Amino acid sequence: MLRYWEAIMLKKLISKKADEMNVSGVRKMFEAASKLKDPIDLSVGQPDFDVPDIIKDEAKKAIDMGLNKYVPTKGMVELRNKIRSKLQEKNGITVDIENIFVTSAGSGALTLAFASILDKDDEIIIFDPYFVAYEQLAILNEAKPIFVETNNDFSLNFEYLKKAITKKTKAIILNTPGNPTGYVFTKKELTELVNICKENDLIIISDEMYEDFIYDHKHFSVGSIYEKTISIFGFSKSHSMTGWRVGYFTAPKDIIDAATKISQFTFVCAPTPFQYACIKAVDHDMKKYVDEYKEKRDFLYDSLKDKYEFEKPEGAFYAFIKYPYDPKRFINDCLDKNLLVVPGNVFSKKNTHFRISFAVCDETLKKATSILNRLVK
Ligand code: PLP
């Protein structure tokens with residue numbers, strides 16, 4: 001007969017779902033970084049500038065005014081009104097404020113979107129390379145992530161996409177401008193994608209967290225041409241408030257209602273004082289920062305293009321670069337030189353590229369490109 005403690009030990013502490021999830025590869029790099037002294041860190045996905053003072057002042061004001069309590073699950077009405085105008089003017093998405101949901105940042109929006117639409121064994125198509133959370137959120141919802149390779153320049157491969165769609169496909173997730181590639185989907189590409197989604201009755205989740213970081217084209221939101229879209233935006237990257245945790249999404253009514261139920265018992269609401277500050281942030285012009293990032297992008301491309309093979313990033317603040325030689329040896333050589341980059345297999349089923357973030361000061365970028373160039377003969 002089993003003794004008491006043996007019987008207890010037979011019960012696993014964690015769920016199968018949690019067990020199946022992977023530790024974020026970017027987090028693993030953070031751990032590697034903690035062992036280095038003053039690393040040249042190109043692994044982190046957040047801007048190097050601070051939140052503009054005028055927005056910080058609004059947050060402080062809100063705290064002092066006692067705006068520290070719960071607000072409606074879907075967010076403060078004043079903020080949603082501002083977002084409604086922004087969506088109309090900037091994204092060409094016309095919605096009522098009831099279809100706008102303020103979330104605990106982009107991750108909160110993704111979590112609610114996945115939980116609202118996916119059932120066990122539903123399939124969700126993810127274009128490879130992809131942002132790390134997509135696969136894990138599918139697993140958490142017991143859905144099946146289906147990876148579809150993109151072309152060499154990261155544009156959509158419609159042949160592969162059509163082959164991947166089955167009766168179980170419920171949704172497609174896309175990210176433009178893209179992390180880790182910096183690729184920006186064209187209007188033509190998205191129009192073709194929408195036609196496929198219409199034919200197969202699929203939902204699109206469009207992650208547009210980097211919509212402001214766009215250097216050569218105009219950002220196009222697929223939600224402006226396809227109603228069954230969950231369009232996700234946020235302030236984390238655009239206003240450099242990754243720690244404030246405010247984002248938002250817009251979606252058809254049924255999805256908003258489902259997300260409201262889920263949020264009532266999970267997030268409850270996004271942080272109130274920071275929602276208040278975001279009323280100011282929506283209209284705050286961040287162009288000067290984006291112009292600086294364009295310069296960083298140009299510097300990076302010009303510095304590395306002769307020795308490395310990669311697409312010039314058109315948006316976000318990442319470059320996804322082909323390994324010049326054996327991946328493991330290359331990452332170790334970078335670590336030996338105190339340089340942190342992220343291995344591509346964190347964002348892909350293949351390990352052909354590495355990701356660098358150019359959201360760093362010019363000095364760091366100069367040092368990093370010089371090390372990278374010295375690594376290749
Ligand atoms: N979507 C993409 C593509 C991202 O790169 C990130 C963060 O790196 C997120 C969503 C999540 O952003 P947040 O910090 O607002 O949760």
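These numbers come from the heavy atoms of this one structure, side chains and all, not from hydrogens, waters or symmetry mates. Read the numbers this way: they start at 1 and go in the same order the structure lists the ligands and their atoms. Just so it is clear, the structure is predicted and the values come from calculations on it, not from any experiment.
Judged purely by atom type and a 3.5 angstrom limit, Glu189 uses its side chain to pair as donor or acceptor with the backbone of Leu156. Not one N or O on the side chain of Ser221 forms a donor-acceptor pair closer than 3.5 Å with the backbone of Gly223. Checked by atom type and distance alone, the side chain of Ser348 never pairs as donor or acceptor with a backbone atom of Asn345 at under 3.5 Å.
Note that Lys86 lies in the cation-pi zone of Phe233, set by a 6.0 Å cut-off to the ring centre and a 45° limit from the axis. A cation-pi arrangement is absent between Lys296 and Phe358 under the rule of less than 6.0 angstrom and at most 45 degrees off the ring axis.
Atoms of ligand 1 lying under 4.0 Å from any heavy atom of Ala105, numbered from 1 in the order shown and given with element: 13 (P), 15 (O), 16 (O). Applying the 4.0 Å criterion to heavy atoms of Gly106 picks out, from ligand 1, the atoms 13 (P), 15 (O), 16 (O). Residue-ligand proximity, Met209 to ligand 1, at heavy-atom distances under 4.0 Å covers atoms 1 (N), 10 (C), 12 (O), 15 (O). Contact atoms of ligand 1 toward Asn175: 3 (C) (distance under 4.0 Å to a heavy atom of the residue).
Look at Asp216 and Lys312 and you find no salt bridge, because none of the NZ, NE, NH1 or NH2 atoms lies under 4.0 Å from a carboxylate O. The pair Lys349-Glu135 meets the salt-bridge criterion, with a side-chain N (NZ, NE, NH1 or NH2) lying under 4.0 Å from an Asp/Glu carboxylate O.
The residue Thr242 has no part lying near ligand 1, judged by heavy-atom distances below 4.0 Å.
By the 4.5 Å heavy-atom criterion applied to side chains, Asp41 and Thr364 are not counted as neighbours.
Close to ligand 1: Arg245, with a non-hydrogen atom less than 4.0 angstrom away. Put simply, part of Asp207 is less than 4.0 Å from ligand 1, judged by heavy atoms. Using 4.0 Å as the threshold, Phe235 has no heavy atom nearer than that to any atom of ligand 1.
The nearest heavy-atom contact from the protein to atom 7 (C) of ligand 1 is Lys237 NZ, 3.0 Å. The nearest heavy-atom contact from the protein to atom 15 (O) of ligand 1 is Ser236 OG, 2.5 Å. Nearest protein neighbour of atom 6 (C) of ligand 1, counting heavy atoms only, is Phe131 CZ, 3.3 Å. When hydrogens are left out, the protein atom nearest atom 11 (C) of ligand 1 is Ser107 OG, 3.5 Å; that is the closest non-hydrogen contact.
Rounding to the nearest 0.5 angstrom, the gap separating the CG atom in Asn99 from the OG1 atom in Thr250 is 5.5 Å.
Where the criterion is an N or O separation shorter than 3.5 Å, residue side chain and backbone included, Tyr318 fails it with respect to ligand 1.
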